[in-house]
Protein chains: 2
Amino acid sequence: MLLRVGELAKRTGLTVRTLHHYDEIGLLVPSMRSDAGYRLYRRQDVARLHRIQALRSLGMSLADIGALLDRPSPSLTAVIERQIQELERKIADQSLLRDRLVALHQQFENGDEPEMDDWLKTLEMMTMYDRYFTPQELDRLPLYQADDERQIEWKALIGEAEALMRQGVPPDDRAAQELAKRWMMTLERDTAGDPTLLDKLNAMHANEPEVQAQMGISAQVSEYVMQAFAQSKLAIYQRYLNEEEFAFMRQRYPQRMHEWPPLMAKLRQQLEQGTPPQAPAVQQLAREWLELLRSFAGDDPATHEKIRRANEQEPALQASVWMTERMKEYLGKAIAYLPAS
Amino acid sequence: MLLRVGELAKRTGLTVRTLHHYDEIGLLVPSMRSDAGYRLYRRQDVARLHRIQALRSLGMSLADIGALLDRPSPSLTAVIERQIQELERKIADQSLLRDRLVALHQQFENGDEPEMDDWLKTLEMMTMYDRYFTPQELDRLPLYQADDERQIEWKALIGEAEALMRQGVPPDDRAAQELAKRWMMTLERDTAGDPTLLDKLNAMHANEPEVQAQMGISAQVSEYVMQAFAQSKLAIYQRYLNEEEFAFMRQRYPQRMHEWPPLMAKLRQQLEQGTPPQAPAVQQLAREWLELLRSFAGDDPATHEKIRRANEQEPALQASVWMTERMKEYLGKAIAYLPAS
DNA sequence: CCTTGACCCTCACGCAACGTGAGCCTCCAA
DNA sequence: TTGGAGGCTCACGTTGCGTGAGGGTCAAGG
């Protein structure tokens with residue numbers, strides 16, 4: 001029962017080269033050589049090879065197989081479980097990819113042979129979203145599931161904004177403010193009211209000129225809308241503040257309002273992780289929050305009180321802007337725990 | 001808008017090494033270098049990189065991407081379709097593997113920590129079957145889905161055969177013949193009556209000592225059963241033949257009967273492929289069939305006629321042995337088309 | 001006895017898409 | 001002017017073999 005490589009190869013369905021390779025890496029070293037140097041495999045070698053093939057068929061690497069065969073492993077079931085999990089991960093990944101490809105394929109199916117450019121642009125957008133959002137987030141991001149209606153809605157909003165800008169309408173104009181409010185409400189809806197999603201979306205728009213181009217939202221437009229939104233809120237606060245307070249706030253608020261979204265996002269994440277309000281991380285966020293408030297409202301507690309009253313009484317300030325009741329409550333507790341400074 | 005590698009890497013989520021690599025293979029060569037040799041990427045380079053990333057996210061190889069971007073490909077949808085198909089193949093393969101692993105895992109789940117050897121033996125058997133049968137065949141092979149009942153049944157049959165052999169009972173003994181008939185019927189059932197499966201199973205048993213050991217069917221046992229089966233058929237034919245004819249047949253039949261299964265398998269495959277009986281391949285098989293018949297029945301047409309009559313009238317010859325009515329009819333036609341020689 | 005042809009041997013490069021140093025250069029701020 | 005961050009070019013490693021190149025071995029046939 002001495003087999004030469006060729007014979008063993010034929011019997012096992014492997015190639016001679018493969019057996020050479022196994023020899024080289026010490027996985028299966030034939031226990032004999034002929035005088036001429038031919039590899040001679042004995043029954044025990046063949047048995048080992050069968051085990052190797054068995055384990056290979058489970059997708060194990062040659063290194064792992066060698067380790068497993070050479071010393072009695074602690075737990076074989078554990079090995080299998082690992083293999084299963086890895087396989088399931090791969091399958092999940094590939095299924096996702098396939099679904100996406102199929103969707104893409106359908107999208108361009110009617111309307112024969114799309115232009116290369118349209119094609120790639122769509123693809124690029126998809127990969128952009130991939131870079132800024134996790135798959136779970138994408139699932140929760142309505143903007144990503146963009147149906148035609150949503151597209152049209154946004155096109156209209158953008159068009160209006162551009163028109164106002166072209167006409168030189170200032171951001172504190174009533175029309176601009178109304179547009180900004182609608183814009184923000186739509187945006188809130190399309191980010192599922194999640195400030196984390198909003199924040200990432202903002203980051204994406206800020207960093208990727210191509211996204212701006214594709215969506216049609218230039219940096220100017222978004223800045224204009226932001227300012228108009230700020231003005232719409234200022235207009236409300238004005239009714240609660242005296243002249244001096246309002247003048248102060250009017251100067252500072254528009255510059256600092258960009259800082260809300262990331263702060264809200266972080267707060268929301270802590271809330272969802274169930275971090276208690278007195279935890280250091282949350283306390284830090286509360287401090288930053290107060291800091292931001294002071295930066296445009298000054299240090300006078302009386303002013304702060306007025307702003308709080310406005311927030312409570314004005315429906316326009318209550319609605320929307322990614323602040324839920326739970327968030328307000330959580331923030332309130334965190335602030336209450338802050339040592340008086 | 002000139003970016004250095006590090007910056008571009010950061011913005012795209014790639015590594016510097018990856019960008020170097022793309023440069024090396026000519027996929028993305030920065031359109032500028034600084035005086036110090038630093039790679040400088042312009043807007044157009046960034047755009048190209050975005051496209052590269054988009055296509056990569058579809059699972060395309062760098063080579064393919066390069067080809068696609070450098071000349072306008074004929075059909076992009078075709079590319080995607082290819083990707084989808086490849087993905088589905090991979091997914092199918094991996095799902096199969098996972099199912100198998102899960103099954104294996106469950107098999108050993110109860111009965112804490114199995115012995116490495118049992119483990120590997122089971123696995124080895126699985127890979128053996130894999131080598132001799134296609135996945136579709138395995139699906140159709142009842143023996144492979146071996147439940148406990150089947151196992152016990154075969155253990156019993158093998159035990160009986162071994163006992164008879166030990167006791168020195170000759171294959172032409174009544175008891176041996178009865179056992180052989182039951183054996184063949186069980187085997188027919190467990191190969192789903194498909195001679196192709198039978199043939200491959202035989203090949204596996206003949207070539208793989210380990211399979212014999214695992215199943216407990218030694219070459220001696222299977223030869224004994226074969227001979228007993230031959231004797232059981234001879235006993236029937238005897239009633240139709242004269243003494244001389246039977247003496248001739250008795251001498252030859254046991255030696256040649258091994259040749260039936262492969263011949264039946266080939267014939268069945270032709271039948272299933274819908275090959276007409278007058279096709280050369282089928283004609284060749286018919287010739288071989290007649291040749292085999294002559295080899296143990298002699299050249300006298302009268303003898304052949306007697307055998308045919310026996311086959312028609314004897315239920316024991318009708319039943320089983322992997323010959324269906326359709327097969328008989330097909331073979332009959334093929335023989336009828338043979339030029340008289 | 002010599003020649004085929006089928007096998008066998010040992011290098012050693014190739015593949016895909018980078019990861020990971022090593023050794024050296026450049027730039028900018030302190 | 002010095003230190004640290006970032007850049008450069010080799011060049012080897014990874015995984016599991018495929019694919020020659022160049023050269024022995026062995027049994028059969030002329």
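The shown structure was predicted, so the numbers you read here are calculated from the model rather than taken from an experiment. In what follows, chains are A, B, ... by sequence order, proteins preceding strands, each numbered from 1.
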A/E86: partners by side-chain hydrogen bond (donor to acceptor under 3.5 Å, both in side chains), with sequence neighbours left out: none
Report yes or no: do B/Q85 and B/R82 form a side-chain donor-acceptor pair below 3.5 Å? no
Per-nucleotide protein contact string for nucleotides 20-26 of chain C, where B marks a base within reach and S marks sugar-phosphate only (heavy atoms under 4.0 Å, - for neither): B-----B
Nearest whole Å is fine: how far is C/dA17 P from B/L27 CG? 10 Å
Quick one, which residues of residues 80-96 of chain A touch DNA chain D with a heavy atom under 4.0 Å? none
Starting at atom OH of A/Y22, determine the distance to atom P of D/dT15, rounded to an integer number of angstrom. 14 Å
Who are the salt bridge (Lys or Arg N to Asp or Glu O under 4.0 Å) partners of B/E210, not counting sequence neighbours? none
Could you tell me whether a side-chain N or O of B/Q94 sits under 3.5 Å from a main-chain N or O of A/E88, the two making a donor and an acceptor? no
Does B/Y38 have any ring pair (Phe, Tyr, Trp, His ring centres under 6.0 Å) partners at least two apart in sequence or in another chain, and if so, which? none
Assign each of B/R4 and A/D35 the nucleotide of DNA chain D bearing its closest heavy atom; nearer the 5' end lies the nucleotide of B/R4
Could you tell me the separation between the CG atom of A/L40 and the P atom of C/dC8, rounded to a whole number of Å? 10 Å
Under the ring pair (Phe, Tyr, Trp, His ring centres under 6.0 Å) test, residues paired with B/Y22 that sit two or more places apart: none
Partners of A/D23 by salt bridge (Lys or Arg N to Asp or Glu O under 4.0 Å), sequence neighbours excluded? A/R33, A/R39
Bend angle of the helix from C/dC1-D/dG30 to C/dA30-D/dT1, end axes from five pairs each (to 10°): 40°
So what does B/T15 hit on the nucleic acid, given a heavy-atom distance under 4.0 Å: a base, only sugar-phosphate, or nothing? sugar-phosphate
Backbone N or O of B/S31 within a donor-acceptor pair of the B/D45 side chain at under 3.5 Å? yes
Review item, side-chain donor-acceptor pairs of residues 199-209 of chain B, under 3.5 Å, at least two apart:
residue : atom : partner : partner atom : Å
B/K200  : NZ   : B/E137  : OE1          : 3.2
B/K200  : NZ   : B/E137  : OE2          : 3.1
B/H205  : ND1  : B/L201  : O            : 3.3
B/N207  : ND2  : B/Y132  : OH           : 3.4
B/N207  : ND2  : B/A203  : O            : 3.3
B/E208  : OE2  : B/R131  : NH2          : 3.2
B/E208  : OE2  : B/Y132  : OH           : 2.7

Charged N-O contact under 4.0 Å between B/D70 and B/R48: yes
Taking salt bridge (Lys or Arg N to Asp or Glu O under 4.0 Å) as the test, write out the residues that go with B/E223, two or more places apart. none
Are any of A/H20's side-chain N or O atoms less than 4.0 Å away from OP1 or OP2 of D/dC17? no
Would you indicate, yes or no, if C/dC9 has its OP1 or OP2 atom less than 4.0 angstrom from a side-chain nitrogen or oxygen of A/R39? yes
Do the charged groups of B/R100 and B/D130 touch, with an N to O distance under 4.0 Å? yes
Applying ring pair (Phe, Tyr, Trp, His ring centres under 6.0 Å), can you list everything that pairs with B/Y144, at least two apart in sequence or on another chain? B/Y129
Would you please classify the geometry between the A/W260 ring and the A/F296 ring as parallel, tilted or perpendicular, with 30° and 60° separating the classes? perpendicular
Phosphate contact (D/dT25 OP1 or OP2) by A/S34 side-chain N/O below 4.0 Å: no
I need the NZ-P distance between A/K10 and C/dA6, as an integer number of Å. 12 Å
In residues 56-64 of chain A, what residues come within less than 4.0 Å of DNA chain D, judged by heavy atoms? A/R56, A/S61, A/L62
